Amino acid sequence: MRLTNFSDYTLRMLMFAASAGDRLFTIEETARAFGVSKAHLNKVANTLTRAGYLTAVRGRSGGLTLGRRPEDIRIGDVIRLTEPDFALVECFATGNQCTITRCCKLSGMLRDALSSFQNALDRYTLADIALTRQNFLVDTPRT
């Protein structure tokens with residue numbers, strides 16, 4: 001199983017936001033810090049803002065800031081927000097056509113594994129993975 005790049009970028013943006021503290025940060029600044037596309041991060045920021053994880057401040061001196069305390073942002077919730085599905089095998093998805101679904105023992109094991117994965121992520125918050133500003137190689141903030 002692999003998380004999408006969107007989920008990866010989402011977690012990175014939240015880590016960057018946590019490192020900013022009360023200071024507003026920009027998508028451009030985040031894109032430079034990670035060497036990723038500003039367009040991708042625009043979509044991430046939009047999703048995080050709609051979900052209340054980030055707050056957008058408009059205007060010339062605007063930017064983004066965390067919309068919740070890092071201790072209140074559970075990693076499992078973020079991943080469930082950003083992953084399109086957790087259909088590990090065909091029988092988990094809509095339109096399943098597997099001929100052994102009715103007697104298969106694999107699906108129960110995989111459901112258990114997926115549940116363990118999600119439960120593990122639910123035990124962690126953004127505070128657990130937050131870094132400091134010094135961990136990011138970015139330009140000094142604008143004043």
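Note that this is a predicted model, so its numbers are computed, not measured. When a residue number appears, it is its place in the shown sequence, counting from 1.
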Under 3.5 Å donor-acceptor, [X] side chain and [Y] backbone:
| X | Y | value |
| --- | --- | --- |
| Arg74 | Glu71 | no |
| Asn96 | Ala93 | no |
| Glu90 | Gln97 | yes |
| Ser115 | Arg111 | no |

Apply side chain to side chain donor-acceptor pair (under 3.5 Å) to the pair Gln134 and Thr132, showing each step before the final yes or no. CA-CA 5 Å; Gln134 290 74 30; Thr132 65; 3.3 Å; yes
Side-chain heavy atoms of [X] within contact of [Y], under 4.5 Å:
| X | Y | answer |
| --- | --- | --- |
| Asp122 | Asp77 | yes |
| Phe136 | Leu131 | yes |
| Thr10 | Tyr53 | no |

Working to the nearest 0.5 angstrom, can you tell me the gap between [X] [atom1] and [Y] [atom2]?
| X | Y | atom1 | atom2 | answer |
| --- | --- | --- | --- | --- |
| Leu54 | Leu66 | CG | CG | 6.0 Å |
| Phe16 | Asn135 | CZ | CG | 11.0 Å |
| Thr125 | Leu14 | OG1 | CG | 11.0 Å |
| Cys91 | Arg102 | SG | CZ | 13.0 Å |
| Phe117 | Leu88 | CZ | CG | 9.0 Å |
| Thr30 | Arg12 | OG1 | CZ | 11.5 Å |

Under a 4.5 Å side-chain heavy-atom rule over Ile, Leu, Val, Met, Phe, Trp and Tyr, are Leu110 and Ile100 clustered together? no
Closest approach of [X] to [Y] (non-hydrogen atoms, all atoms of both residues):
| X | Y | value |
| --- | --- | --- |
| Gly62 | Thr26 | O-CG2, 4.4 Å |
| Cys98 | Thr101 | O-OG1, 3.2 Å |
| Leu24 | Gly63 | CD1-N, 4.0 Å |
| Thr82 | Ser7 | OG1-OG, 2.6 Å |

